[in-house]
Structures are given as structure tokens and as C-alpha cells.
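Notes follow the structure.
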2 protein chains.
Amino acid sequence: MDKTKKVSITVIRRLPRYYRYLSDLKREGIERISSDDLSVRMGVTASQIRQDLNNFGGFGQQGYGYNVIMLHSEIARILGLNKNFKAIIIGAGNMGHALANYPNFSERGYEIVGIFDNSKDLIGTFAKEHDTSKSSEIRDIAKIKEFVSKNQVDIAMLTVPSLYTKDIAEMAVSLGIKALWNFSPMDLKLPGDVVIENVHLSDSLMVLGYRLKTLEIEG
Amino acid sequence: MDKTKKVSITVIRRLPRYYRYLSDLKREGIERISSDDLSVRMGVTASQIRQDLNNFGGFGQQGYGYNVIMLHSEIARILGLNKNFKAIIIGAGNMGHALANYPNFSERGYEIVGIFDNSKDLIGTFAKEHDTSKSSEIRDIAKIKEFVSKNQVDIAMLTVPSLYTKDIAEMAVSLGIKALWNFSPMDLKLPGDVVIENVHLSDSLMVLGYRLKTLEIEG
DNA sequence: TAGATTGTTAATCGATTAACAATC
DNA sequence: TAGATTGTTAATCGATTAACAATC
């Protein structure tokens, strides 16, 4: 990788998609793939694929293409999937439960180490199905400070009602958490070097509605 | 709106965010806003705001700015929020339940009219909290064809396990549904004029991981 | 070697920002 | 009217695509 110029976020946001397609190729037992063949599968230009990948280094070989297993693991490395990030879920409603049970996260090295809520009915119950380990147990949000001080927590997944999101986000940051995954329909402005990734479900749905209305198939 | 040139998807994807900020301004009782003031709030350039809005018509007034209530309702109209789209949820797991109870959708004219699953344990139970109406009852997926033939269904929200997503998506399209909201970590390729909007949670999380690793704050 | 395909430079395209005349 | 701010054109910037020499 060229150390001087940082890779544009546009390219970064395409990496998970490459990763998915390479996982598929791996599963199919395909050993090598050319940018041309991959471009057909993915519906993008071969040029874009080669440009994107060359932001991080020359993973291919002239006359051969790309080795699937090697490229797959290189992209995993670039994305940091080998880092074993530790995450907590704050808000154990339906969305919190959905995240706790999403199989893809643990597969990709994102480990849910704690789940918090303020509801007396939920505290003490288990959020992960068929899992009665400590990491599955819903804890009292009042104990979050103690938990974060004693355990590595890289990411906070925020699935609390919108009304509380701002306060909870600020609290998480004050505890030293550097990455927030925000599921509330608002933008969070926080001081310091905090990384925020939003999942704005209603935004996505509204775009779907617009495209349905105007029948914009691609996009 | 200029009828000849269609608006780029890049601009469309920014509209829900404008809509959110205008909702905030409305709530705050602010009557008018200049592109300059809005640009400060939103962290974008005033130029971009004016360019974006002028894709759809001149909603502002020189020397005055934009009337908040008027602009809010214009963006709602552009997005089709007055259309009262009817949606069904297929897959009544945690994610399906989360969508069924998400307050923002109904507020914005997206009505959940049916929820389907194949689990005998779930069928007959109610997915929406404090709601025992027919639209809240989880129905047998075997009855979906009959339901769609008798009711208007614009959108199918797909929250089934990945393994079934392709088949379920094809089934939905075969029933005439023209818009799919896909929550599985895969791309759907479907024939015909079908609009698909993906919510790739693990893609989003991987981007968060990358940005945390490299501490890219903006993005 | 000859053929295939990359890595990379150059050309094009589209999106963003700047500037300012129009006008409320 | 004078000041403010839009709508819109022009300039810039960045992203995508095309082309091809390098090389496996």
C-alpha cells in the first residue's frame, strides 16, 4: 500500500462487496479469477476492480488473474477482520436481539461481549438464542461503566430508542469507546476521534419508495 | 422538475437526510432557513444544497431562503411519502419484529399490512406490540399468494435467513411485487422491472471496523 | 514462446464547489 | 431602496473508464 495517500471512502465501501463475492467463489471451489470474469459476476467494470485493488497493492499476476483464496484473505486483512473487535450492544429490544443473533458478525471477527438495557424485565435474560453464557446475558445499563473499565470494548452498537441515543452515545464515548454503530434515524455529532457508522433504515426505505415511484431499477 | 434529465441516485440518497433536518427545524418552530445556515447544520456546502434542490424546482426565494414547512412537504412529495405504500414483512424473526415495531415507517406513510413466517410457533402470534389487529398477526407463508392477490402490496421486506432469500425474493416478484427491501448479505439479481434496496448490515459493520482500524473519522 | 491479464497512465465523465447575475 | 440569498453557469475536483505497455 502507498503509505502517503489514503484510500477514498468510496473504495472502502466497495470492499465488503468484493469480500462477499470472493467468499462465494471460495465456496464454489474456484481457484483463480480474472478482473474480467469478476466484473461480469459483480456487474462492474474490470477497470474499476483493478483500480480498487491496486490501492492496496498488486494482488494479481499478469496472464493469470487473482488467486481467490489469497485475494479473499488480503481483503479480510485490509478490512481488519482478523482483529477480533469486541462489541457491546446497548438496547436489547428487537433490533438488539437481531444483532445479537446475526451469525455473520462472529464469523467475521466481531464478537458481542456484552448486552445492556435498562428494562427490569429484560435484565438477566439471555439475548443470544441457545446461549446462556455471560456474553449473552442482558445486563443493567447502570453497570456499563464498570464493564467497559474491566473489558476491552471497541465498538458500541446503539439500538436504543431515538430519544436516548444522543445521551447514550455521549456516555459510550466518555467511557473511551471509539466506534459507534448507530441505528437511530439521526446524525450524531461527537467530539474527539470517534468513528460513527449509521444504519438509517428509514432513509433506505424512503429511497426504495422513490425508486419504486419512478421505477429506477439500478442504484 | 426538468422532465428530460433524471436526477442522479447520488442526489436521491441525500434527500432523506434533508428531510430529517427539515423535520428537526419544523419541530424547533423555525420558519425559514437559508442554504448557508442549513449547510452549517448539516456539514455540507450551501452550494450542494442549492444544486440538489434545484434538480426538482426552485423552492427558495432570493433574499429570504427556504420556507421550512414548504420545503419539508416538497421533499416529502418528491420522496413519495404521501403515497401510502403498503408493505409486507417476510420473515418474523427478531429483525422482522424490529421492522414491524419501527415507529418511523408508519409516520412516513409506509404501512405494514401483513407479516409472514413458516414457523408454526410464530404463526397466529402478533408481531406489533400492543396491536392485535389483523395487520399485526403473523400469517402462514403458505398463504402469501392468496394474500397478495387480495391486497395491495407495494413492498416486500425480506428478513428471512440468507439461505431462503433468493427463493423468497423470486416468489415475491412472481406475485407481482415490484420493490424488495433486502436484509440478507447477498445481492439479488432478478428479472424484470423490480427495484431492490439492500441493507447490508455486515458490510456496514466491516466499514466501521476499517475506519476504526485506520481512524478515518469522516465518511 | 504466445496468449492472457495485470498494473498503471491517460482520457473521460460526473459530482462538487465557486462565483455571480438575477431578484425578492 | 439596499441587503440578502437564490438559481444557475463556470471552474474544479475526484471517480470511473479506456488503453496499453509490462510481464507472467
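We name chains A, B, ... by the order of the sequence lines, and we start the count at 1 in each one.
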Heavy-atom nearest nucleotide on DNA chain D for A:Arg50 versus A:Ile9: which residue maps closer to 5'? A:Ile9

DNA chain D-proximal residues of residues 60-71 of chain B, any heavy atom under 4.0 Å: B:Gly60, B:Gln61, B:Gln62, B:Gly63, B:Tyr64, B:Gly65, B:Tyr66

Determine, step by step, whether B:Ile49 and B:Leu53 satisfy the side-chain contact (heavy atoms from CB on, under 4.5 Å) criterion, reporting the C-alpha distance in whole Å, the side-chain angles of both residues, the deciding distance to 0.1 Å, and the verdict. CA-CA 6 Å; B:Ile49 293 172; B:Leu53 297 179; 3.9 Å; yes

Nearest 0.5 Å please: distance from the OG atom of B:Ser35 over to the CG atom of B:Asp52. 11.5 Å

Go nucleotide by nucleotide along DNA chain D from the 5' end; which of B:Asn54 and A:Gln51 gets its closest nucleotide reached first? B:Asn54

CD (B:Glu28) with more than 12 external heavy atoms under 6.0 Å: yes

Taking every heavy atom of A:Ile90 against every heavy atom of A:Ala156, the minimum-distance pair comes out as CD1-CB, 4.3 Å

Separation of A:Asp24 CG from A:Met42 CE (nearest 0.5 Å): 10.0 Å

Pick out which of A:Asp187, A:Val199, A:Thr165 makes a side-chain contact (heavy atoms from CB on, under 4.5 Å) with A:Asn182. A:Thr165

From CG (A:Leu22) to CE (A:Met70), nearest 0.5 Å: 11.5 Å

Donor-acceptor list for residues 172-181 of chain A side chains, cut-off 3.5 Å, not counting sequence neighbours:
unit_1	atom_1	unit_2	atom_2	d
A:Ser174	OG	A:Met171	O	2.7
A:Trp181	NE1	B:Ser204	OG	2.8

Numerically ordered, the residues 13-45 of chain B set in heavy-atom contact under 4.0 Å with DNA chain C is B:Arg14, B:Thr45

Any pair counted as side chain to side chain donor-acceptor pair (under 3.5 Å), so long as it reaches residues 90-100 of chain A, sequence neighbours left out: A:Asn94-B:Glu129

Contact boundaries on DNA chain C for chain A, cut-off under 4.0 Å to non-hydrogen atoms: C:dA4 to C:dA10

What distance separates A:Arg17 CZ from B:Asp203 CG, expressed to the nearest 0.5 Å? 9.0 Å

Bracket string, DNA chain C, 5' to 3' - pairs by Watson-Crick or G-U geometry under 3.5 Å, | interstrand: ..||||||||||||||||||||||

